[in-house]
J.: 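Please see the structure below; I have some questions.
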Amino acid sequence: MTATTDRTDAPELLATGHRRLLEQLRADGVRFLFGNPGSSEEGLLDEIARFPDIDYVLGLQEAAVVCTADGYAQATGRPGVVLLHSGVGLGNAVGSLYHALHRQTPMLVMAGEAGVAYDALEAHMSVNLVDIAKPVTKYATRVTHPDSLLRLVRRCLKVAATPPRGPVFLALPQDVLDQISGEPVVPTTVPDTRVVPEPGAIQAAARLLAGAHNPVIIAGDGIAASGAVAELTRFAEIWGAVVHGAMASELLMPWTHPLWGGLTGHMFGDSSASLVAQADAVLICGTYVFPDVFPDLENPFRPGATVVHVDLDPYAIAKNHPVTTGMLGDPRLTLHALTGALEEAMTDPQRHAAAERVHRRTVQRTAELDRALADDLGAGRNADSAPLRMTAVVAALAALLPDDAIVFDEALTNSPALTRWLPPTRPGHFFQTPGGTLGVGIPGAIGAKIAHPERTVVGFTGDGGGMYTCQALWTAAHHRIGAKFVVCHNGGYQLLKDNLEQYRQDHDDDPGAAFPPFFDVREPRVDYVNLAAGMGVPAARARHAADLPTILRTMLDHDGPYLVEAVLDDPGDTP
């Protein structure tokens with residue numbers, strides 16, 4: 001990645017807040033500052049050019065800037081740091097901050113403003129930045145004195161990185177940063193929260209779970225944040241339980257594992273509730289239940305079911321529905337302890353029953369996957385004469401990607417095909433949007449590539465979602481960030497069509513009616529090849545399966561960013 005400007009080290013002059021702020025970020029190992037510049041933070045922007053070890057990653061639109069920092073934070077586990085411009089810049093970023101909040105991304109977002117001295121004047125562009133940020137951040141505050149600047153920066157970084165992690169906001173009045181700051185620069189202390197419940201609670205929970213005949217596990221991104229993939233997988237195997245991911249944006253267990261039951265979805269509560277309706281015991285870990293757009297207001301658990309909830313966030317435990325027991329604890333340490341206690345608590349017949357559940361599930365999953373892959377191959381037999389299908393795209397890509405590639409998935413309705421042919425199996429190799437905010441695929445892949453420049457990174461998005469943050473393509477070209485992009489182009493908002501079909505079924509409302517015309521993005525269709533070229537990113541359009549190996553190889557071999565527009569059939573034209 002190239003620097004935006006030529007820089008030289010700054011001499012030790014007067015230590016204004018601008019310089020002290022950057023020294024604090026340097027002390028905390030911050031290497032990249034993601035931003036879109038504005039006139040209310042001119043002093044800080046000028047100072048950044050004197051710090052050769054902090055790269056300013058220039059974005060053209062704030063929603064894309066935040067999503068790029070989000071991808072970087074996901075791929076590193078460290079807070080992404082963002083600098084925005086006043087209320088207008090923060091306002092543009094609110095949707096992306098909502099995404100970061102709900103996927104618990106560690107992030108420090110700062111916004112410059114003219115100054116505290118001008119508060120009473122209602123000056124041009126003045127607005128209460130903290131009030132804008134509060135609903136979409138974990139913590140939001142404003143610097144009002146130069147000798148509390150670094151204290152607040154460290155507090156923000158600490159809060160962002162402490163589980164449950166999340167974005168935080170700090171307003172930076174320029175007149176405060178213009179003053180001399182006498183605070184010392186010291187590294188931020190992030191508390192170690194790897195706690196585990198006391199042994200008696202662990203043993204009691206294990207006894208409650210040991211006798212289950214139909215156990216289910218609901219897990220979330222707290223598993224990934226704690227590094228508990230192996231521990232969750234081992235516990236599920238011992239217990240003989242299917243695992244479902246709730247609002248999961250990272251790998252929780254290998255998707256090839258027979259006990260992986262897929263994601264819960266995030267739209268309809270009755271769909272999520274059906275996953276636990278027959279369970280006599282449920283373990284919830286690293287999430288709350290259930291994060292749906294239209295939640296089920298009734299208790300989803302059957303009467304008498306045992307429900308054990310483990311999380312580092314006490315607010316998440318029993319947040320919406322009663323549980324049998326709740327335990328505050330780090331998922332990795334708690335699952336490890338709970339597995340040992342469960343092995344001791346289970347009788348020989350219970351162990352045999354658990355092993356039988358795993359065997360039945362293995363047979364079932366293998367047959368289901370074989371059928372799905374056979375259907376994919378069958379649909380592609382006449383690929384040259386039929387419209388291009390997503391299965392052909394990902395099957396061709398799977399044959400070409402290196403083993404350590406990173407996939408950033410915002411394919412949405414095309415994600416099932418993507419994950420059948422490129423199943424996530426290792427932590428740090430797969431990220432996806434949990435839904436709610438469109439436009440994370442392109443900038444997310446750019447952020448992941450900044451974090452891991454030595455690895456191949458491919459971001460997937462749709463032709464609708466890609467338009468929200470297409471400005472990020474310019475950032476990739478400008479900084480020579482070699483992420484690759486695949487746009488799944490089906491001419492509309494297919495997810496809306498799928499959800500409307502479900503809504504009509506639920507309400508017995510004319511399921512055969514045509515879709516609203518504004519669910520389509522046509523007349524004109526967005527030309528992603530020319531759009532990417534206009535942003536400085538070379539691109540190619542794939543219409544036929546026979547063309548895919550050459551086009552995808554060209555994409556992967558290109559030294560720099562590259563985009564492939566996959567023109568897919570649109571099964572949603574009619575219900």
Side-chain angles (χ1 to χ4, degrees), residues 1-7 18 21-22 24-26 28-38 41-42 44-85 89-90 92-93 96-97 99-100 105-112 153 157 160 167-170 172 406 408 431 439-455 457 459 468-485 532 535-537 560-563:
M1 188 178 124
T2 59
T4 303
T5 60
D6 293 330
R7 306 171 187 184
H18 304 294
L21 170 58
L22 294 166
Q24 180 64 55
L25 295 180
R26 172 194 280 165
D28 284 314
V30 173
R31 281 279 294 110
F32 300 98
L33 189 57
F34 301 87
N36 177 256
E41 58 275 3
E42 295 279 17
L44 182 56
L45 295 168
D46 192 36
E47 193 68 39
I48 291 170
R50 302 185 181 98
F51 277 71
D53 50 350
I54 297 179
D55 275 329
Y56 186 92
V57 181
L58 176 61
L60 302 185
Q61 207 274 352
E62 292 83 0
V65 167
V66 170
C67 283
T68 304
D70 180 89
Y72 174 81
Q74 288 187 60
T76 61
R78 296 174 54 83
V81 181
V82 177
L83 179 60
L84 303 178
H85 169 53
L90 179 59
N92 284 340
S96 297
L97 283 172
H99 162 79
T105 302
M107 185 184 300
L108 167 59
V109 178
M110 303 176 290
V153 172
L157 288 169
V168 299
F169 175 76
L170 182 62
L172 300 173
I406 296 173
F408 203 106
F431 305 96
V440 305
I442 291 175
I446 294 171
K449 181 65 175 177
I450 293 173
H452 298 288
E454 75 288 355
R455 294 168 64 181
V457 178
Y468 283 75
T469 53
C470 58
Q471 303 90 342
L473 293 171
W474 183 92
T475 296
H478 177 69
H479 292 287
R480 299 187 181 93
I481 303 165
K484 316 301 180 184
F485 315 101
M535 297 282 184
V537 175
Y562 197 97
L563 181 144

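Nothing fancy with the numbering, it's 1 onward along the sequence.
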J.: To the nearest 0.5 Å, how far apart are NZ in K484 and NZ in K449?
T.: 7.0 Å
J.: Which distance, rounded to the nearest 0.5 Å, do you find between the CG of L97 and the CG of N92?
T.: 11.0 Å
J.: So T475 and F34, do their side chains get closer than 4.5 Å, heavy atoms only?
T.: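 A side-chain contact is absent here, since even the closest heavy-atom pair is not under 4.5 Å.
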J.: Decide yes or no for T469 and V440: does some side-chain heavy atom of the first lie under 4.5 Å from some side-chain heavy atom of the second?
T.: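 Side chain of T469 against side chain of V440, heavy atoms only: no contact under 4.5 Å found.
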J.: Would you indicate whether the side-chain heavy atoms of L90 and F169 approach each other to under 4.5 Å?
T.: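 A side-chain contact under 4.5 Å exists here.
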J.: What distance separates I450 CD1 from I481 CD1, expressed to the nearest 0.5 Å?
T.: 3.5 Å
J.: Please report the shortest heavy-atom distance between A445 and A483, naming the atom on each side.
T.: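 The pair with the smallest heavy-atom distance is O-CB, 3.9 Å.
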J.: Locate the shortest heavy-atom distance separating G59 from N36; write the atom from each residue and the value.
T.: O-ND2, 2.7 Å
J.: To the nearest 0.5 angstrom, please state how far the CD1 atom of I446 sits from the NE2 atom of H479.
T.: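 I446 CD1 to H479 NE2: 9.5 Å, rounded to 0.5 Å.
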J.: Ignoring hydrogens, what is the shortest heavy-atom contact between G89 and L84? Give both atom names and the distance.
T.: O-CD1, 4.0 Å
J.: To the nearest 0.5 Å, how far apart are NE2 in H99 and SG in C67?
T.: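 Nearest 0.5 Å value for the NE2-SG distance: 5.5 Å.
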J.: Locate the shortest heavy-atom distance separating V153 from L25; write the atom from each residue and the value.
T.: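 Closest heavy-atom pair between V153 and L25: CG1-CD2, 4.4 Å.
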J.: Between atom CD of Q471 and atom CD of Q61, what is the distance when rounded to the nearest 0.5 Å?
T.: 5.0 Å
J.: Which pair of non-hydrogen atoms, one from A451 and one from A75, has the smallest distance, and what is that distance?
T.: CB-CB, 3.7 Å
J.: Which residue, M107, E62, M110, forms the side-chain contact (heavy atoms from CB on, under 4.5 Å) with V82?
T.: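 Of the listed options, the one satisfying the test is M107.
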J.: Looking at side-chain heavy atoms only, is the closest gap between L22 and L44 below 4.5 Å?
T.: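 When only atoms from C-beta onward are counted, L44 and L22 do touch, with a gap below 4.5 Å.
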J.: Kindly determine whether L108 and V30 satisfy side chain to side chain contact (heavy atoms under 4.5 Å, CB included), including the steps that lead there.
T.: CA-CA 11 Å; L108 167 59; V30 173; over 6 Å; no
J.: Assign the ring pair Y72 / F32 to parallel, tilted or perpendicular, where the plane angle (0 to 90°) is split at 30° and 60°.
T.: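 Rings of Y72 and F32: perpendicular, as their planes differ by over 60°.
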J.: Can you name the closest pair of heavy atoms from G71 and F408 and give their distance?
T.: CA-CE1, 4.2 Å
J.: With heavy-atom distances below 4.5 Å as the criterion, would you say the side chains of W474 and L58 are in contact?
T.: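 Of all side-chain heavy-atom pairs linking L58 with W474, at least one is under 4.5 Å.
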